[in-house]
Amino acid sequence: MRSTTCSRASGLNRRMVVVARTDPVSSLLEVVTEAARELSGDRSVLPALDPAPRPELGDFSSNAAMLIAKPLGRAPREVAVELADAVSDRLGESLERVEVAGPGFLNLFLADDWYRKAVEELSGDSAPVPAGGESERILVEFVSANPTGPLTAASGRHAAYGDAVARLLVATGHQVSTEYYVNDGGSQVESFAASIAARMNGDEPPENGYRGDYVNQLADRARETGIGPEELERLALEGVAWMVESIQQSLDRFGVQMDDFFSERSLYQDGLVEKGLERLRNAGHTFEEGGALWLRTTEFGDDKDRVLVRSGGEPTYFGADVAYHADKVERGHVRLLDVLGADHHGYVARMDAAIKSLGKEDVAFEARILQMIHLVEGGKRTKMSKRAGDIVTLDELVADIGVDAARFFLLQRSHDSTMDLDLDLARSQSSDNPVYYVQYAHARIQSILRKAADRPGTGNGTSPTLRTPVEPAEKALISLLLAFPAEVHQAAGRRAPHRICAYATETAAAFHAFYRDCQVVDAPGEGTEQARLALCESTAATLRSALGLLGISAPESM
RNA sequence: GCCCCCGUAGCUCAGCUGGAUAGAGCGCCGGCCUUCUAAGCCGGAUGUCGCAGGUUCGAAUCCUGCCGGGGGUACCA
């Protein structure tokens with residue numbers, strides 16, 4: 001299973017759009033920081049510079065004075081006045097004015113000139129790799145749903161989340177691989193095979209068996225392949241293989257880049273379980289008791305020790321999984337990021353302990369717990385049980401509302417918040433879905449750009465001496481575009497793709513406002529049209545990047 | 001019992017490594033298409049940020065306790 005899919009590896013890294021550029025806002029912050037450090041004599045102060053909450057409070061505001069006032073033993077506003085002078089000196093003509101407000105905020109009002117230059121930087125060649133932070137080799141494991149049934153809508157949340165996080169990590173300069181752990185061993189697979197066999201015989205699946213309709217289809221397929229209901233071993237093997245194949249197709253259709261599908265069974269066949277257990281023994285954190293092999297996970301903060309190998313000699317799921325993670329480390333990954341369901345949170349402490357007990361101090365294990373998703377249909381929650389078969393599959397969800405809407409819906413909310421996804425709503429209002437709002441902004445821009453390009457005889461790149469005032473709507477849009485790299489870093493660092501959804505929505509809104517207020521093609525004033533076209537292009541590029549990070553398309557027209 | 005997540009507008013949720021008058025979408029009410037896509041825009045209404053303390057110039061955000069909801073707590077996977 002591994003080798004057949006390895007060819008897909010690293011597609012993710014190659015095709016990613018990278019988002020960082022030189023950043024005029026960072027430059028501003030540097031100026032403020034320097035001034036604050038000089039005034040306070042403290043090199044460690046780290047002021048913030050944020051977009052001002054309201055237009056009358058300027059463009060950006062900083063808390064620098066309030067931070068250094070206390071150590072200086074002076075009144076914040078008094079310090080702020082001095083700081084304002086210093087900042088004003090350093091910024092020169094970029095600054096229109098600076099005001100001290102409230103408890104001691106420094107509010108910067110930037111000159112139109114600053115905005116014009118900022119747009120130029122936006123539309124210039126972008127530097128590919130963002131500043132700060134070192135590049136890590138990260139393995140993101142996600143979905144890893146049991147191969148005994150189709151992916152559910154809940155799996156879809158995992159798929160969308162893991163994929164988006166991977167894209168974010170790539171965009172912030174990391175080397176990322178994505179992996180799906182296939183639990184093709186263990187008792188559930190036997191039960192799965194028995195369920196297929198039962199259907200082949202026209203019987204009901206056994207207690208705790210799988211009752212979904214897809215089991216009937218697998219039974220048909222087994223019959224066609226010439227496998228008899230008594231060949232449970234083959235049914236298990238082939239059944240899982242068919243299921244994995246169909247899962248891969250679902251993920252493909254969903255736009256998820258999975259570099260590898262790692263088979264649990266292959267761990268045994270390749271001797272990796274033995275190898276992994278050996279490493280733990282050598283590291284000296286195991287012990288035997290009651291005929292079983294235990295890992296002393298309590299040494300690393302777990303609340304009880306865990307069994308690796310049962311007294312019967314068979315490794316536990318945990319034992320195999322530890323071996324799997326040891327292999328991840330062996331393959332050179334320094335950060336293991338597991339995306340798990342809420343029902344697995346209890347698992348985190350022990351796996352963390354297991355990784356630590358391997359004694360690799362430069363390796364970090366990190367789990368992200370995705371809270372549950374409830375599908376609401378006809379006003380009531382549907383239970384998501386594979387065994388009972390009353391599931392909404394990812395394929396069905398996608399068929400209902402489309403890949404783009406599904407991904408946006410599933411990514412919109414923080415991973416640690418349980419979410420209700422009302423299927424009726426998602427269906428009936430699919431054209432009101434926020435994703436279309438963002439996509440529409442992109443399509444609108446393309447339409448403007450097409451119109452500008454089609455029109456003969458204007459705009460062949462002469463750099464204008466622009467004297468038209470920069471409109472408020474332009475300023476707002478530019479600020480947002482400038483904030484994008486920082487936003488991507490935040491989202492990546494916090495593993496929080498939902499922030500990109502919010503960012504994209506905000507940016508689209510800012511564009512729609514700009515569209516309302518500012519004529520682009522044939523705009524009056526020397527050079528205004530070109531400046532605005534450049535802004536349109538930057539906006540489109542940013543929206544494309546943002547949507548790309550979410551795995552959502554950016555249409556040319558709608 | 002212990003562990004994790006959540007509690008913010010009628011609903012679904014952002015904001016939480018502390019900042020000024022707490023936001024978005026949906027829903028509700030009212031406006032805007034002889035101008036680059038009305039899948040759009042503008043205006044209006046709705047809040048004890050679960051409760052109580054604490055930390056400080058400042059708390060939805062940090063700390064403690066409590067209440068409520070969900071999930072977990074196997075020699076299952």
Side-chain angles (χ1 to χ4, degrees), chain A residues 48 50 52-54 57 61-63 66-67 69-70 75-77 101-105 107 146 148 183 185-189 191 264 289-294 302-304 306-321 341-349 367 369-372 374 376 409 412-422 425 429-441 443-452 455 490 493-494 496 498-499 501-502 505-506 508-509 511-513 515-523 529 532-533 536 557-558:
Chain A
D50 297 309
R54 290 185 299 283
L57 298 179
S61 73
S62 175
N63 60 353
M66 291 177 290
L67 289 183
K70 178 131 196 176
R77 287 192 62 113
F105 286 104
N107 290 336
N146 284 339
T148 51
N183 301 133
S187 54
Q188 90 250 331
V189 172
S191 161
E264 178 186 2
E289 190 181 297
L293 180 71
W294 297 69
D302 196 7
D303 37 3
K304 53 175 293 195
R306 308 290 172 174
V307 173
L308 292 165
V309 182
R310 282 178 268 249
S311 44
E314 199 190 335
T316 59
Y317 175 84
F318 176 59
D321 206 16
D343 54 340
H344 279 74
H345 100 263
Y347 200 72
V348 175
I369 303 301
L370 282 196
Q371 291 301 319
M372 300 201 308
H374 300 289
V376 179
F409 241 102
Q412 220 178 355
R413 269 80 210 240
S414 162
H415 69 86
D416 50 16
S417 176
T418 53
M419 70 190 254
D420 279 351
L421 202 168
D422 189 330
L425 196 75
Q429 303 196 330
S430 64
S431 65
D432 284 330
N433 194 288
V435 70
Y436 296 110
Y437 181 78
V438 177
Q439 290 182 318
Y440 181 65
R444 242 183 177 180
I445 296 172
Q446 295 311 315
S447 169
I448 293 174
L449 295 177
R450 276 192 298 271
K451 179 165 178 176
R455 190 206 34 205
Q490 283 240 336
R494 299 189 192 192
H498 73 280
R499 288 177 153 265
C501 289
T505 306
E506 253 182 87
F511 175 77
H512 289 308
Y515 177 90
R516 176 196 67 226
D517 293 344
C518 304
Q519 181 73 25
V520 177
V521 177
D522 294 329
E529 176 183 301
R532 288 181 180 170
L533 279 174
C536 283
S557 64
M558 290 176 72

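First the proteins, then the strands, lettered A, B, ... as listed; each starts at 1.
Summarising the geometry, the separation between CG on A/D343 and C1' on B/G72 is reported as 8 Å, rounded to the nearest angstrom. The nearest whole Å value for the distance from the CG atom in A/L370 to the P atom in B/C6 is 13 Å. Going from atom CZ of A/R413 over to atom P of B/C26 covers 12 Å, rounded to whole Å. Between A/F105 atom CZ and B/A20 atom C1' the separation is 5 Å, expressed in whole Å. The separation between A/Q490 atom CD and B/C16 atom P is 7 Å, rounded to whole Å. Separating the NE2 atom of A/H374 from the C1' atom of B/C11 is a distance of 16 Å, rounded to the nearest angstrom. Look at NE2 on A/H512: it is 10 Å from P on B/A38, rounded to the nearest Å.
Along RNA chain B, the nucleotide nearest A/V521 and the nucleotide nearest A/P434 are compared for position; the residue whose nucleotide lies closer to the 5' end is A/P434. Projected onto RNA chain B by closest heavy-atom contact, A/M419 and A/A513 fall at different nucleotides, the more 5' of which corresponds to A/M419.
Counting atom types as modelled, A/T316 pairs no side-chain N or O with a base atom of B/A74 as donor and acceptor under 3.5 Å. Between the side chain of A/H345 and the base of B/G72 there is no donor-acceptor pair of N/O atoms closer than 3.5 Å. With hydrogens and angles ignored, a donor-acceptor pair closer than 3.5 Å exists between the side chain of A/N107 and the base of B/A20.
The phosphate of B/C41 (OP1 or OP2) has a side-chain N or O of A/Y437 nearer than 4.0 angstrom. Close to B/U56, at under 4.0 Å from its OP1 or OP2, lies no side-chain N or O of A/K70. Distances shown here put every side-chain N or O of A/R306 at or beyond 4.0 Å from the OP1 or OP2 atom of B/A74. Between B/C13 and A/R499, no contact under 4.0 Å exists linking OP1 or OP2 to a side-chain N or O. OP1 or OP2 of B/A38 sits under 4.0 Å from a side-chain N or O of A/R444. Phosphate contact (OP1/OP2 of B/G15, side-chain N/O of A/H498, threshold under 4.0 Å): present. Between A/Y515 and B/U35 there is no side-chain polar atom (N or O) within less than 4.0 angstrom of OP1 or OP2. Listed pair A/S417 / B/A14 meets the phosphate criterion, a side-chain N or O lying under 4.0 Å from OP1 or OP2. The phosphate of B/C42 (OP1 or OP2) has a side-chain N or O of A/R516 nearer than 4.0 angstrom.
Using a 4.0 Å heavy-atom cutoff across all strands shown, A/T505 reaches no nucleic acid atom at all. Using a 4.0 Å heavy-atom criterion, one finds that A/R54 contacts the bases of the nucleic acid, with or without backbone contacts as well. Counting any heavy atom pair closer than 4.0 Å across all strands shown, A/P53 reaches a base atom. Residue contacts for A/S447: at a heavy-atom cut-off of 4.0 Å it reaches a base atom on one of the strands shown. If you check every strand for non-hydrogen atoms under 4.0 Å, A/M558 touches a base.
Taking atom P in both B/G25 and B/G44, one finds a spacing of 14 Å when rounded to whole Å. Annotation: B/G72 and B/A77 have their C1' atoms spaced 15 Å apart (nearest Å).
With pairs defined as Watson-Crick or G-U wobble and both atom distances under 3.5 Å, the stems of at least three pairs that touch RNA chain B come out as B:1-7 with B:67-73, B:10-13 with B:23-26, B:28-32 with B:40-44, B:50-54 with B:62-66.
In this structure, A/R444 fails the cation-pi test against A/F511, since its NZ or CZ atom is not both closer than 6.0 Å to the six-membered ring centre and inside 45 degrees of the ring normal.
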